Amino acid sequence: MPVAAALIVLLAGDFGSTFFYHVPQHLWFTLHLRTHHDRRRPYLDHAVLSPDPWVLLDGLLGAAPYLLLAGLMWRISWQGSLAGLALGQMHVWWRHTTQLGWQTPRWLRAALRPLWIVLPEDHDGHHRNPDIEFGDIFRFYDAPARALLAVLTPTRGRLRWRSRPRPTVRAGSLTR
């Protein structure tokens, strides 16, 4: 049961993080784009080094689906829940290593590609172009995420407009 619980945390957590946090952030909000895709600072800072509370909040919100699922899986296997969270966190650190000069060895790439695991080079592509390479851990969420983005993109302006406060007009402030 620990292996099943860990896989559920990783697979369903990645689904939740991709479709309930990452895609909405790319469409309607700015926290993730401001912190994770800010080109003015190295992106290793986004995942590992930053004490910036906004970066930490973005990471916590992205991790919320994993944490929720780990809590649900706790009764089935606390070991699997912890293993899923630990593997997920190690993957976050690993996928941000290209800036340190890491290149995935050919043998490891060959082993992980059939499992649809996001490699550091894939995630580097997402940092360079935020409209590709969705999925924190698994690449098979990329195509559905981009399709959802394409369908929901027309709502981007309307929802952002509605979320902004409307200016107030005071009596006597209008001129004719």
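Quantities reported herein were computed from a predicted structural model and do not represent experimental measurements. This chain uses plain numbering: 1 for the first residue, then up along the sequence.
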Q: Does E133 form a side chain to side chain contact (heavy atoms under 4.5 Å, CB included) with R146? I'd like the steps, not just the answer.
A: CA-CA 9 Å; E133 297 297 347; R146 285 195 282 159; over 6 Å; no
Q: Are side-chain N/O atoms of Y66 and D136 paired as donor and acceptor at under 3.5 Å?
A: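 Per modelled atom types, Y66 and D136 side chains form a pair under 3.5 Å.
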Q: To the nearest 0.5 Å, tell me how far R95 CZ sits from D122 CG.
A: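 One gets 11.0 Å once the value is rounded to the nearest 0.5 Å.
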Q: What distance separates I117 CD1 from L112 CG, expressed to the nearest 0.5 Å?
A: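 If I round to the nearest 0.5 Å, the distance is 6.0 Å.
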Q: What is the ring orientation for Y141 with F138, classed by angle as parallel under 30°, tilted 30 to 60°, or perpendicular over 60°?
A: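 Answer is perpendicular, since the angle exceeds 60°.
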Q: Starting from L82, can I reach L87 by hopping between I/L/V/M/F/W/Y residues whose side chains sit under 4.5 Å apart?
A: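 No, L87 does not connect to L82 through the hydrophobic network.
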Q: Write down the atom of P65, the atom of G13, and the distance for their closest heavy-atom approach.
A: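 In terms of heavy atoms, the two residues are closest at CB-O, 3.7 Å.
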Q: Between the main-chain N or O of G135 and the side-chain N or O of D14, is there a donor-acceptor pair closer than 3.5 Å?
A: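 Checking the backbone N and O of G135 against the side chain of D14, no donor-acceptor pair under 3.5 Å is found.
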Q: Tell me, yes or no, whether the heavy-atom count around Q103 atom CD, taken from other residues, nucleotides or ligands under 6.0 Å, exceeds 12.
A: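 No.
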Q: What's the shortest heavy-atom distance between P114 and A110, and which atoms?
A: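 What the structure gives for the nearest pair is CD-O, 3.1 Å.
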Q: Please list every donor-acceptor pair under 3.5 Å in which a side-chain atom of residues 5-12 meets a protein atom from a residue at least two apart or in another chain.
A:
none

Q: Under the 3.5 angstrom rule, does the side chain of T153 hit a backbone N or O of L149 as a donor-acceptor pair?
A: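 Looks like yes, one N/O pair under 3.5 Å.
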Q: Let me confirm one number: the CG-CZ distance from L61 to F20, rounded to the nearest 0.5 Å.
A: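 Interatomic distance, L61 CG to F20 CZ, rounded to 0.5 Å: 15.0 Å.
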Q: Please identify each residue that fulfils side chain to side chain donor-acceptor pair (under 3.5 Å) with R109, with sequence neighbours left out.
A: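 Checked R109 against side chain to side chain donor-acceptor pair (under 3.5 Å); zero matches.
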Q: Once you round to the nearest 0.5 Å, how far does CG of L60 lie from CG of L67?
A: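 It is 7.0 Å, given to the nearest 0.5 Å.
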Q: Quick one, H26 with F134, criterion ring-ring contact (aromatic ring centres under 6.0 Å, His included). Give me CA distance, side-chain angles, the key distance, then yes/no.
A: CA-CA 11 Å; H26 278 256; F134 283 88; 5.0 Å; yes
Q: Taking atom types as modelled, is there a side-chain donor on T104 or E121 under 3.5 Å from an acceptor on the other?
A: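 Note: T104 and E121 side chains meet the donor-acceptor criterion.
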Q: What are the two closest heavy atoms between P154 and A150, and how far apart are they?
A: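 Taking every non-hydrogen atom into account, CD-O, 3.7 Å.
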Q: Using the ring-ring contact (aromatic ring centres under 6.0 Å, His included) rule, take H123 and H91 through it: C-alpha gap first, then chi angles, then the decisive distance, then the call.
A: CA-CA 11 Å; H123 196 67; H91 187 268; 8.0 Å; no
Q: Which pair of heavy atoms, one from T18 and one from A145, lies closest together, and at what distance?
A: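 Reported closest heavy-atom pair: CG2-CB, 3.9 Å.
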Q: So, for G62 and Y21, which heavy atoms are closest and what is the spacing to 0.1 Å?
A: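 That closest heavy-atom pairing would be CA-CD2, 3.6 Å.
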Q: Is it possible for you to say whether V23 and W116 belong to one hydrophobic cluster, with membership spreading through side-chain heavy-atom contacts below 4.5 Å?
A: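 V23 clusters together with W116.
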Q: Look up atom CZ in F15 and atom CG in L69, then write down how far apart they are to the nearest 0.5 Å.
A: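 Between atom CZ of F15 and atom CG of L69 there are 11.0 Å.
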Q: Measure the CZ-CG distance between R113 and L108 for me, rounded to the nearest 0.5 Å.
A: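 So the CZ of R113 and the CG of L108 are separated by 10.5 Å.
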Q: Are V118 and V92 in one and the same hydrophobic cluster, where Ile, Leu, Val, Met, Phe, Trp and Tyr link if side-chain heavy atoms are under 4.5 Å apart?
A: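 The answer is no; the residues belong to distinct hydrophobic clusters.
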